[in-house]
Amino acid sequence: MYDLLVLGGGPGGAAAARRAAQAGKSVALFEPRAIGGTCLNRGCIPTKALLHGAGPGCDFAALAAEKARVVDTLRTGMERQLASAKVTLIPHPATVTGAHTVAAGGVRYEGEAILAAVGSVPARPPIPGLDLPGVVTSDELLEDLRPRERMIILGGGVIGVELACVWAAAGCRVTILEALERILANLDRELSQSLTLQLKRDGVELLTGAHVTRISPGLTVHFTHKGAEQTAQAETVLAAMGRVPATAGLFAGVEPAMERGFLQVNERFQTSIPSLYAIGDAIGGAMLAHKAEAEGCAAADLLLGRAPVRGVSPVPACVYTDPEIAQVGLTADDCKARGIPFAAGKCVMGGNGRTLIAGGKRAFLKLVFHAQTHALLGACLYCCRATDLISELTLAVTLGLTAEQLLRPVRPHPTFSEAVTEAVEAGLAALTR
């Protein structure tokens with residue numbers, strides 16, 4: 001019997017398996033595909049590799065080779081870490097058959113505890129024609145890297161806008177059809193509006209409030225927009241309408257509490273079956289690799305009987321467009337909705353040296369502070385290196401640092417991070433009026 005059976009070798013499952021094994025526990029990790037999960041093999045890393053190299057007249061064969069090099073290097077590193085920790089890797093799909101048992105590859109495995117870290121898969125809503133040749137999800141698109149003249153993207157979430165940037169930069173005519181009133185609807189409204197303007201400048205056609213009704217042969221997308229029936233045609237249609245937990249078929253003979261496919265857990269990541277734990281996309285919330293990894297480390301610590309070292313919130317959100325987008329904590333709208341007294345500070349980065357050197361696109365950084373305690377409640381960034389800058393602000397939100405405390409560090413010049421100081425000063429001025 002193993003001490004721990006981990007289902008899923010993505011960022012969360014691999015982190016939990018390695019942490020438990022390094023503490024001396026016997027761990028088996030079930031991963032039927034490639035170690036690293038969606039993030040490393042079919043998501044975060046491949047997409048960022050493409051964003052880094054895409055441009056007018058880019059060589060897609062070279063892009064594909066570079067993507068493969070990066071992915072293979074990182075995956076080999078993860079495999080070596082797991083092997084060094086003496087994690088047993090089982091390359092078969094696993095099914096939970098009991099409170100302590102898992103079936104995989106025709107073999108029955110037993111464990112004191114089971115951790116479901118199975119991740120998620122692209123959603124496929126019941127739209128007629130979504131199964132036609134040429135209609136792909138991000139999984140298939142990232143394995144078919146080639147120039148395209150025309151692409152329609154169904155969905156204006158993170159996946160949709162990032163892949164729109166890749167192919168638009170390479171000269172493809174891209175149309176995004178988003179059913180909601182704006183793209184990136186889960187982020188701050190000004191972030192959404194700013195990216196909308198930039199995408200349009202970059203030649204992306206963007207239709208919000210567009211409801212797709214069907215896709216007909218010839219890859220003609222039928223949709224309603226502003227009350228009118230419309231059509232658009234392309235050689236590729238990307239279905240980027242979110243993701244769903246990969247829990248279908250995961251259980252046989254046991255039925256943990258679930259809601260819309262998500263496993264229900266308590267603060268210790270336990271499901272309704274005490275020996276079965278779950279983390280990451282399988283339990284809902286932000287479907288992000290860093291959230292899953294943090295939860296994997298925390299769950300492993302709890303299984304080891306010790307207080308978790310890693311925190312699991314707040315979770316920053318990042319979008320790798322140009323400019324980049326990042327957000328953490330509460331927005332001004334969140335504060336208004338919750339009745340929290342707040343003051344905001346903003347730095348428009350037109351006078352930031354590094355921003356001008358990088359091309360001078362519109363950029364800003366917004367901070368939200370508690371009006372009484374002056375603690376930082378949230379941050380929204382639309383600028384170069386936003387996905388790196390957000391870490392300082394995530395730390396500040398996590399620790400409840402005040403505007404006064406955030407002004408103590410001397411930030412170097414010339415850097416993008418100087419905008420943090422300016423936004424904090426603007427926030428403090430608002431707080432002390």
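Note that the numbering runs from 1 along the sequence shown for the chain.
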For V319 and L187: C-alpha separation, side-chain torsions, deciding distance, then whether side chain to side chain contact (heavy atoms under 4.5 Å, CB included) applies.
CA-CA 10 Å; V319 189; L187 297 182; 3.9 Å; yes
Would you say that [X] contacts [Y] through its side chain, given a criterion of any heavy-atom pair below 4.5 Å between the two side chains?
X: M258; Y: S272; answer: no
X: S120; Y: T38; answer: no
X: L376; Y: F369; answer: yes
X: L399; Y: Q405; answer: no
X: P308; Y: L302; answer: yes
X: L82; Y: R18; answer: yes
X: M349; Y: E418; answer: no
X: L199; Y: C165; answer: yes

In Å and rounded to the nearest 0.5 Å, what is the [atom1] to [atom2] distance from [X] to [Y]?
X: C383; Y: K361; atom1: SG; atom2: NZ; answer: 13.0 Å
X: Y277; Y: L4; atom1: OH; atom2: CG; answer: 9.5 Å
X: L389; Y: C384; atom1: CG; atom2: SG; answer: 9.5 Å
X: I176; Y: M151; atom1: CD1; atom2: CE; answer: 10.5 Å
X: L367; Y: L428; atom1: CG; atom2: CG; answer: 11.5 Å
X: R354; Y: F416; atom1: CZ; atom2: CZ; answer: 4.5 Å

Give the C-alpha distance, both sets of side-chain angles, the deciding distance and a yes or no for side chain to side chain contact (heavy atoms under 4.5 Å, CB included) between L63 and E66.
CA-CA 5 Å; L63 267 183; E66 176 63 7; 5.6 Å; no
Check whether any side-chain N or O of [X] sits under 3.5 Å from a backbone N or O of [Y] as a donor-acceptor pair, and report yes or no.
X: T47; Y: G43; result: yes
X: D301; Y: V309; result: yes
X: S26; Y: D3; result: yes
X: H225; Y: T208; result: yes
X: H374; Y: T432; result: no
X: T321; Y: P323; result: yes
X: E295; Y: G280; result: yes
X: S192; Y: A185; result: no
X: D202; Y: V204; result: no

With a sphere of 6.0 Å drawn around [atom1] of [X], does it hold more than 12 non-hydrogen atoms of other residues, nucleotides or ligands?
X: R148; atom1: CZ; result: yes
X: R124; atom1: CZ; result: yes
X: R146; atom1: CZ; result: yes
X: E149; atom1: CD; result: no
X: R306; atom1: CZ; result: yes
X: K25; atom1: NZ; result: no

Go through the steps to decide whether T137 and E140 satisfy the test side chain to side chain donor-acceptor pair (under 3.5 Å), and finish with yes or no.
CA-CA 6 Å; T137 68; E140 294 88 46; 2.8 Å; yes
Please step through salt bridge (charged side-chain N to carboxylate O under 4.0 Å, His left out) for the pair R411 and E422, ending with a clear verdict.
CA-CA 11 Å; R411 296 179 178 87; E422 291 193 36; over 6 Å; no
Which heavy atom of [X] sits nearest to which heavy atom of [Y], and what is that distance?
X: R189; Y: R182; value: CA-NH1, 3.5 Å
X: L381; Y: A379; value: CD1-CB, 4.0 Å
X: T373; Y: T402; value: O-CG2, 3.6 Å
X: Y382; Y: S194; value: OH-O, 3.2 Å
X: A317; Y: L288; value: CA-CD1, 4.4 Å
X: V87; Y: A17; value: CG2-O, 3.7 Å

Between R201 and Q198, does any side-chain donor sit less than 3.5 Å from a side-chain acceptor?
yes
Scan side-chain atoms only and decide if R150 and T175 contain a donor-acceptor pair under the 3.5 Å cut-off.
yes
Go through the steps to decide whether I45 and V71 satisfy the test side chain to side chain contact (heavy atoms under 4.5 Å, CB included), and finish with yes or no.
CA-CA 7 Å; I45 298 300; V71 170; 4.2 Å; yes
N-O pairing of E190 and R362 below 4.0 Å
yes
Tell me whether R173 is salt-bridged to E235, with the criterion being a basic N under 4.0 Å from an acidic carboxylate O.
no
Using the side chain to side chain contact (heavy atoms under 4.5 Å, CB included) rule, take W167 and L145 through it: C-alpha gap first, then chi angles, then the decisive distance, then the call.
CA-CA 10 Å; W167 265 269; L145 300 180; 3.7 Å; yes
Kindly determine whether K67 and E143 satisfy salt bridge (charged side-chain N to carboxylate O under 4.0 Å, His left out), including the steps that lead there.
CA-CA 10 Å; K67 181 204 79 165; E143 291 301 319; 3.5 Å; yes
